[in-house]
Protein chains: 2
Amino acid sequence: MLLRIDTTSEESLFEQVATAVRTAIAQGEARAGDRLPSARELADSLGVNVHTVLHAYQGLREEGLIDLRRGRGAVVTEVGDAIAQLNRDIVELGKRAKALGMSPATVVALVKASL
Amino acid sequence: MLLRIDTTSEESLFEQVATAVRTAIAQGEARAGDRLPSARELADSLGVNVHTVLHAYQGLREEGLIDLRRGRGAVVTEVGDAIAQLNRDIVELGKRAKALGMSPATVVALVKASL
DNA sequence: ACCTATTTGTCCGTATGTATG
DNA sequence: CCATACATACGGACAAATAGG
């Protein structure tokens, strides 16, 4: 799992970390039961603070993607696997939307409306 | 096609009108070849200026959703139909996501990442 | 085919608020 | 604080397309 962070981006750092990890799971790079890098480990390799990674991890826990336990680290849940199943269709959907000239905001609005 | 506008919203009026019409098309309330209400008609029913609605319509024309010609009004294009089809698939995706126990926030995040 | 009245979007300018320098 | 630029929303006048007789 190789992640990158853009310190010049307007998106907050913890959001970028969360998105990166989520994407990795969605792409099947980490499956149910797999252990993610520890917060300290990941923070070091990204050059950000440990709390930034923990903030991201806690968000992913609230989404149900990972279990987070003291002493054991972050483990991908079954929900994480379900995401990988759906991600391919989501990517396909994104391509179609782009081909139709739809703005990302429009697509996101439609998705939100359907949930 | 029943639209509503929130004059207290921070979103600009013409954007709200555009979003409302776009959503109506996405939901199949107006299909290819159908005529939308004239700008004056819609403006009256929404309580905004004609030009505000026209501004929204012109934006939708640039997106390719409608044809706009004087004397004839706004007509939904084939692209409008394609978006409606896309929206049906989005709804289907939402159902699957829910069945898999994925949180709405996760789905939205994945869609954003794919765009 | 003609004329005219209506419908409809386009073009002109103006006021107001919001950044930007 | 001031000046400038830009976008939004509004109003009036205009011209093209349409509809009816």
Side-chain angles (χ1 to χ4, degrees), chain A residues 4-19 48 52 55-56 59 94 96-115, chain B residues 1-88 90 104-105 108-109 111-115:
Chain A
R4 278 178 311 177
I5 294 298
D6 176 14
T7 55
T8 72
S9 169
E10 295 181 14
E11 196 182 6
S12 59
L13 289 178
F14 84 91
E15 258 305 332
Q16 290 186 56
V17 175
T19 300
V48 301
T52 303
H55 190 176
R96 285 171 57 198
K98 185 178 181 181
L100 291 171
M102 297 176 65
S103 75
T106 302
V107 181
V108 171
L110 288 177
V111 171
K112 280 182 180 173
S114 78
L115 294 172
Chain B
M1 190 175 66
L2 194 57
L3 307 182
R4 277 177 313 174
I5 294 298
D6 176 14
T7 54
T8 72
S9 169
E10 294 180 16
E11 195 182 6
S12 60
L13 291 179
F14 84 93
E15 260 302 334
Q16 288 187 54
V17 175
T19 300
V21 174
R22 203 188 289 110
T23 302
I25 293 175
Q27 294 179 345
E29 295 178 30
R31 297 195 289 190
D34 288 353
R35 279 187 54 178
L36 297 177
S38 76
R40 283 174 180 79
E41 222 177 307
L42 189 52
D44 283 347
S45 79
L46 292 177
V48 300
N49 191 277
V50 190
H51 295 92
T52 302
V53 175
L54 283 168
H55 191 174
Y57 274 8
Q58 283 159 6
L60 295 175
R61 171 170 60 185
E62 286 179 10
E63 293 178 22
L65 269 74
I66 63 174
D67 284 329
L68 201 53
R69 303 168 74 164
R70 66 180 143 193
R72 197 167 42 149
V75 180
V76 179
T77 67
E78 300 294 336
V79 173
D81 265 11
I83 287 180
Q85 177 61 52
L86 190 78
N87 188 56
R88 279 193 287 275
I90 286 177
V108 171
V111 170
K112 280 183 181 172
S114 79
L115 296 170

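All heavy atoms count here, side chains included; hydrogens, waters and symmetry mates do not. Here is the naming used below: chain letters follow the sequence lines, and residue numbers restart at 1 for every chain. Keep in mind that what you see is a predicted model, and the values were worked out from it rather than measured.
Put simply, Arg70(B) has no side-chain N or O that comes within less than 4.0 Å of OP1 or OP2 on dC14(D). Note on Arg61(B): a side-chain N or O is less than 4.0 Å away from OP1 or OP2 of dT10(C). Of the side-chain N and O atoms in Ser38(B), one or more sit less than 4.0 angstrom from OP1 or OP2 of dT8(C).
For Ile5(B) and dT8(D), the CD1 to C1' distance is 14 Å, given to the nearest whole Å. Atom CG in Leu68(B) sits about 10 Å away from atom C1' in dT10(C), given to the nearest Å. Taking atom CG of Asp67(B) as the reference point, atom P of dT8(C) lies 17 Å away to the nearest angstrom. Atom P of nucleotide dG9(C) and atom CD of Glu41(B) are separated by 9 Å, given to the nearest angstrom. Counting to the nearest Å, the P atom of dC10(D) and the CG atom of Leu46(B) are 11 Å from each other. As a whole-Å value, the separation of Leu42(B) CG from dT8(C) P is 12 Å. We find that NE2 of His55(B) is positioned 13 Å from C1' of dC6(D), with the value rounded to whole Å.
When heavy atoms are screened at a 4.0 angstrom cut-off, Leu13(B) is found touching the sugar-phosphate backbone but no base atom. In this structure, Arg69(B) reaches the sugar-phosphate backbone alone: every heavy-atom distance under 4.0 Å involves primed, P, OP1 or OP2 atoms, never a base.
Separation of atoms CG (Asn49(B)) and CG (Leu13(B)) is listed at 10.0 Å; rounding is to 0.5 Å. Between atom NE2 of residue His55(B) and atom CG of residue Leu60(B) there is a gap of 10.5 Å, rounded to the nearest 0.5 Å. Atoms CG and CD, from Leu46(B) and Gln16(B) in turn, are 9.5 Å apart once rounded to the nearest 0.5 Å.
Side-chain to base pairing of His51(B) with dC11(C): one donor and one acceptor N or O lie within less than 3.5 Å of each other. Contact annotation: side chain of Arg40(B) to base of dG9(C), donor-acceptor pair present below 3.5 Å.
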Chi angles and distances behind the side chain to side chain contact (heavy atoms under 4.5 Å, CB included) call for Leu115(B), Lys98(A): CA-CA 8 Å; Leu115(B) 296 170; Lys98(A) 185 178 181 181; 5.8 Å; no
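Comparing atom distances between the Thr52(B) side chain and each of dA9(D), dT8(C), dG9(C) picks out dA9(D) as nearest. Of the listed nucleotides (dG9(C), dA9(D), dT18(D)), dT18(D) has the atom at the smallest distance from the side chain of Arg72(B). Distance from the side chain of Asn49(B) is smallest for dG11(D) among the nucleotides dG11(D), dT10(C), dA9(D). Side chain of Gln58(B), nearest nucleotide from dA9(D), dT10(C), dT8(C): dT10(C).
Remark: side-chain polar atoms of Arg61(B) are not paired, donor with acceptor, to backbone N or O of Ala56(B) under 3.5 angstrom.
Mapping Glu11(B) and Gly71(B) onto DNA chain D by nearest heavy atom places Glu11(B) closer to the 5' end of the strand.
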